[in-house]
Student: 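The structure under discussion is supplied below as structure tokens; questions concerning it will follow.
Because the structure is a prediction, the values reported are computed rather than measured. Note that these values count all heavy atoms, side chains included, but never hydrogens, waters or copies made by symmetry.
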Amino acid sequence: MSSTESAKPSKLPPFDAADPLGIDDLLGPDDLAIRDTVRTWATDRVLPHIAEWYEKGELPGIRELARELGALGALGMSLDGYGCAGASAVQYGLACLELEAADSGIRSLVSVQGSLAMYAIHRFGSEEQKQRWLPGMAAGEIIGCFGLTEPDHGSDPAGMRTYAKRDGEDWILTGRKMWITNGSVAGVAVVWAQTDEGDDGRGIRGFVVPTDAPGFSAPEIHHKWSLRASVTSELVMDEVRLPADAVLPDAKGLRGPLSCLSHARYGIVWGSMGAARASFESALDYARSREQFGRPIGGFQLTQAKLADMALELHKGILLAHHLGRRMDAGGLRPEQVSFGKLNNVREAIEICRTSRTILGANGISLEYPVMRHATNLESVLTYEGTVEMHQLVLGKALTGLDAFR
């Protein structure tokens with residue numbers, strides 16, 4: 001008997017429709033425990049209410065939810081110290097997947113808190129800033145937001161008009177930011193602005209802004225058809241006076257905010273697969289029970305083809321997210337690779353939702369099922385943290401060496 005033959009298992013495990021590639025075998029006990037804990041919380045605290053929240057366009061009890069997420073260790077999850085969990089990138093990704101399987105709005109709350117606001121302070125802030133803000137943010141006692149996008153400047157943040165000028169030792173901050181998750185409930189905002197610093201006479205800097213500062217306001221944005229169970233706001237800074245130590249000392253230029261966005265995009269790579277999984281599972285369950293022409297529709301070839309194609313893209317996407325997570329944990333994840341994952345996974349997640357809707361037929365548009373809710377949420381996820389076109393151009397530049405942005 002050859003060594004190869006002796007190494008073969010005597011009996012293969014049964015096929016698992018929930019994990020057809022055996023990806024769970026790549027996860028350790030701690031990974032699985034974190035995933036299961038977040039899944040249980042989302043099942044108990046979000047799923048029974050999310051359809052009502054979405055229909056009403058509100059996220060009631062967001063502060064209580066934030067504290068619960070803080071108790072789980074989900075806020076600033078992959079950061080070290082200051083009350084943060086210090087989890088691996090893969091563990092953070094698994095949490096994002098489970099949260100977005102409940103709703104993109106819940107994952108967005110966590111992503112903006114941890115991967116944008118907290119990450120910016122943790123990576124670029126002074127020790128005093130970290131001590132002042134991060135423990136409360138990790139516990140969910142303080143909600144944070146991140147102000148980069150403006151009404152006239154989204155994909156081209158270098159053209160931002162928000163401006164900070166010196167006034168003695170202080171800074172005077174003036175401008176507007178748009179589509180800001182958590183804005184109207186935040187206790188602190190990380191705001192990026194043009195200044196007169198830098199070799200070219202203008203330099204972008206980040207500011208840690210208490211939201212109770214005079215001149216700061218955050219009116220909530222209503223009438224959304226996507227991310228309805230999420231707080232989205234405009235930030236208005238009308239000559240907000242900030243002390244000299246409000247500036248993030250280690251962030252100069254666009255590299256600062258773009259590195260924060262890369263960290264948030266990584267969470268989206270995982271989270272979008274949560275929305276896709278929830279929609280696929282809903283379609284699979286429906287196909288097994290819905291009868292037409294005398295038998296379940298899952299027994300027809302066209303339906304099985306749809307289910308097979310969705311399963312392929314879903315689990316390839318999860319495998320891609322896992323690969324990128326391992327690269328991040330090893331310190332070798334490039335921004336272009338994050339663009340690869342965000343572009344592929346969100347695009348495929350939307351297609352999975354749309355195909356799932358066709359299997360559910362007319363029932364697919366009902367909030368009794370999660371499919372249409374996930375599909376409309378993903379339309380926002382497709383755009384924020386970099387549009388499809390921007391990620392295509394990031395990859396195009398990486399492939400050709402030629403910059404097509406301008």
Student: More than 12 heavy atoms of other residues, nucleotides or ligands under 6.0 Å from CG of Leu399: yes or no?
Tutor: yes
Student: Hydrogens and angles aside, do Glu150 and Thr162 bring a side-chain donor and acceptor to less than 3.5 Å of each other?
Tutor: yes
Student: Determine, stepwise, if the pair Leu116 / Thr181 fulfils side chain to side chain contact (heavy atoms under 4.5 Å, CB included).
Tutor: CA-CA 11 Å; Leu116 291 179; Thr181 298; over 6 Å; no
Student: Minimum heavy-atom separation for Val190 and Ala120, please, with both atom names.
Tutor: CG1-CB, 4.0 Å
Student: Between atom CD of Gln131 and atom CD1 of Ile121, what is the distance when rounded to the nearest 0.5 Å?
Tutor: 12.0 Å
Student: Any luck finding a side-chain donor-acceptor pair between Asp329 and Tyr92 under 3.5 Å?
Tutor: no
Student: Verify, without hydrogens or angle tests, whether Arg63 (side chain) and Val185 (backbone) share a donor-acceptor contact under 3.5 angstrom.
Tutor: yes
Student: Can you find a heavy atom in the side chain of Phe216 that is under 4.5 Å from one in the side chain of Val236?
Tutor: no
Student: Starting from the C-alpha separation in whole Å, work towards a yes-or-no answer on side chain to side chain contact (heavy atoms under 4.5 Å, CB included) for Leu109 and Ile62.
Tutor: CA-CA 9 Å; Leu109 163 64; Ile62 183 174; 4.2 Å; yes
Student: CD of Glu368: more than 12 outside heavy atoms within 6.0 angstrom?
Tutor: no
Student: May I ask you to test the Ile318-Leu97 pair for a side-chain heavy-atom distance under 4.5 Å?
Tutor: yes
Student: Applying side chain to side chain donor-acceptor pair (under 3.5 Å), run through Thr358 and Lys306 and close with a yes or a no.
Tutor: CA-CA 9 Å; Thr358 69; Lys306 291 178 181 180; 3.0 Å; yes
Student: Would a distance-only check, ignoring hydrogens and angles, find a side-chain to backbone donor-acceptor pair under 3.5 Å from Asn345 to Gly317?
Tutor: yes
Student: To the closest 0.5 Å, what do you measure between NE2 (His122) and SG (Cys84)?
Tutor: 5.5 Å
Student: With sequence neighbours left out, write down each residue that passes salt bridge (Lys or Arg N to Asp or Glu O under 4.0 Å) with Glu336, or none if nothing qualifies.
Tutor: Arg334
Student: Are Trp171 and Phe207 close enough that their ring centres sit under 6.0 Å apart?
Tutor: yes
Student: Should we count CZ of Phe405 as having more than 12 external heavy atoms under 6.0 Å?
Tutor: yes
Student: Determine yes or no for a side-chain-to-main-chain donor-acceptor pair under 3.5 angstrom, with Asp238 supplying the side chain and Gly215 the backbone.
Tutor: no
Student: Which of these passes salt bridge (Lys or Arg N to Asp or Glu O under 4.0 Å) with Arg354: Glu348, Glu379, Glu313?
Tutor: Glu379
Student: Under a 4.0 Å threshold between the charged nitrogen and the carboxylate oxygen, would Arg132 count as salt-bridged to Glu128?
Tutor: no
Student: Should we say atom CD of Gln301 is surrounded by more than 12 heavy atoms from elsewhere, each under 6.0 Å from it?
Tutor: no
Student: Treating Gln194 as the side-chain partner and Ala158 as the backbone partner, does any N or O pair qualify as donor plus acceptor under 3.5 Å?
Tutor: yes
Student: Does atom CD1 of Ile23 have more than 12 heavy-atom neighbours from other groups under 6.0 Å away?
Tutor: yes
Student: Quick check: do Asp245 and Ser126 have side-chain heavy atoms less than 4.5 Å from each other?
Tutor: no
Student: Is the positively charged end of Arg228 above the ring of Trp225, judged by distance under 6.0 angstrom from the centroid and angle within 45° of the axis?
Tutor: yes
Student: Main chain of Gly144, side chain of Gln113: is a donor-acceptor contact present, judged purely on distance under 3.5 Å?
Tutor: yes
Student: Working to the nearest 0.5 Å, report the span between NZ of Lys342 and CG of Leu382.
Tutor: 6.0 Å
Student: Determine whether Leu320 and Trp270 make a side-chain contact, defined as any pair of heavy atoms from C-beta on separated by less than 4.5 Å.
Tutor: no
Student: Do Met137 and Leu75 have side chains that get closer than 4.5 Å, going by heavy atoms?
Tutor: no
Student: Hey, are Tyr54 and Thr376 close enough side-chain-wise for a donor-acceptor pair under 3.5 Å?
Tutor: yes
Student: Any luck finding a side-chain donor-acceptor pair between Tyr286 and Asn363 under 3.5 Å?
Tutor: yes
Student: State whether the number of non-hydrogen atoms from other residues, nucleotides or ligands found under 6.0 Å of Phe340 atom CZ is greater than 12.
Tutor: no
Student: Can you confirm whether more than 12 heavy atoms, excluding those of Lys252, are under 6.0 Å from its NZ atom?
Tutor: no
Student: Is the His263 ring parallel, tilted or perpendicular to the Tyr119 ring (thresholds 30°, 60°)?
Tutor: parallel
Student: Quick one: does NZ or CZ of Arg327 land under 6.0 Å from the six-membered ring centre of Tyr266, within 45 degrees of the ring axis?
Tutor: no
Student: Please confirm whether the backbone N or O of Ala278 pairs with a side-chain atom of Glu281, one donor and one acceptor, at under 3.5 Å?
Tutor: no
Student: Using the salt bridge (Lys or Arg N to Asp or Glu O under 4.0 Å) rule, collect all pairs that involve residues 153-172, keeping only residues at least two apart or in two chains.
Tutor: Asp152-Arg161, Asp156-Arg406, Arg166-Glu197, Asp167-Arg241, Asp170-Arg241
Student: Take Arg265 and His391 through the side chain to side chain contact (heavy atoms under 4.5 Å, CB included) test and state the conclusion after the steps.
Tutor: CA-CA 11 Å; Arg265 289 165 181 159; His391 288 295; 3.5 Å; yes
Student: Contact between Thr387 and Met390 at the side-chain level, heavy atoms closer than 4.5 Å - yes or no?
Tutor: yes
Student: Run the side chain to side chain donor-acceptor pair (under 3.5 Å) check on Tyr384 and Ser108 step by step: do they pass?
Tutor: CA-CA 10 Å; Tyr384 70 35; Ser108 293; 2.7 Å; yes
Student: Using a strict threshold of under 4.0 Å (side-chain N to carboxylate O), is an ion pair present between Glu234 and Arg176?
Tutor: yes
Student: Sub-3.5 Å donor-acceptor pair from the side chain of Ser259 to the main-chain atoms of Gly256, do we have one?
Tutor: yes
Student: Look up atom CZ in Arg326 and atom CG in Leu324, then write down how far apart they are to the nearest 0.5 Å.
Tutor: 12.0 Å
Student: Does the Glu100 side chain pair with the main chain of His374, one donor and one acceptor, at a distance under 3.5 Å?
Tutor: no
Student: So how far is it from Glu68 CD to Asp44 CG, rounded to the nearest 0.5 Å?
Tutor: 10.0 Å
Student: Quick one: does Thr303's side chain have a donor or acceptor within less than 3.5 Å of a partner on Gly298's backbone?
Tutor: no
Student: Taking Met310 as the fixed residue, which of Leu307, Leu314, Leu312 is the one that meets the side chain to side chain contact (heavy atoms under 4.5 Å, CB included) rule?
Tutor: Leu307
Student: Stepwise, does the side chain to side chain contact (heavy atoms under 4.5 Å, CB included) test hold for Leu242 with Val208?
Tutor: CA-CA 9 Å; Leu242 299 170; Val208 183; over 6 Å; no
Student: If I compare all heavy atoms of Gln129 with all of Pro249, which pair ends up nearest, and what's the gap?
Tutor: OE1-CD, 3.6 Å
Student: Roughly how far, to the nearest 0.5 Å, is the OG atom of Ser356 from the CZ atom of Arg277?
Tutor: 13.0 Å
Student: Check whether more than 12 heavy atoms from other residues, nucleotides or ligands sit under 6.0 Å from atom NZ of Lys397, and answer yes or no.
Tutor: no
Student: Considering only heavy atoms from C-beta outward, does the side chain of Ile204 approach that of Thr195 to under 4.5 Å?
Tutor: no
Student: Tell me, with the steps shown, if Glu220 and Thr232 meet side chain to side chain donor-acceptor pair (under 3.5 Å).
Tutor: CA-CA 6 Å; Glu220 188 169 353; Thr232 309; over 6 Å; no
Student: Sub-3.5 Å donor-acceptor pair from the side chain of Glu141 to the main-chain atoms of Ala66, do we have one?
Tutor: no
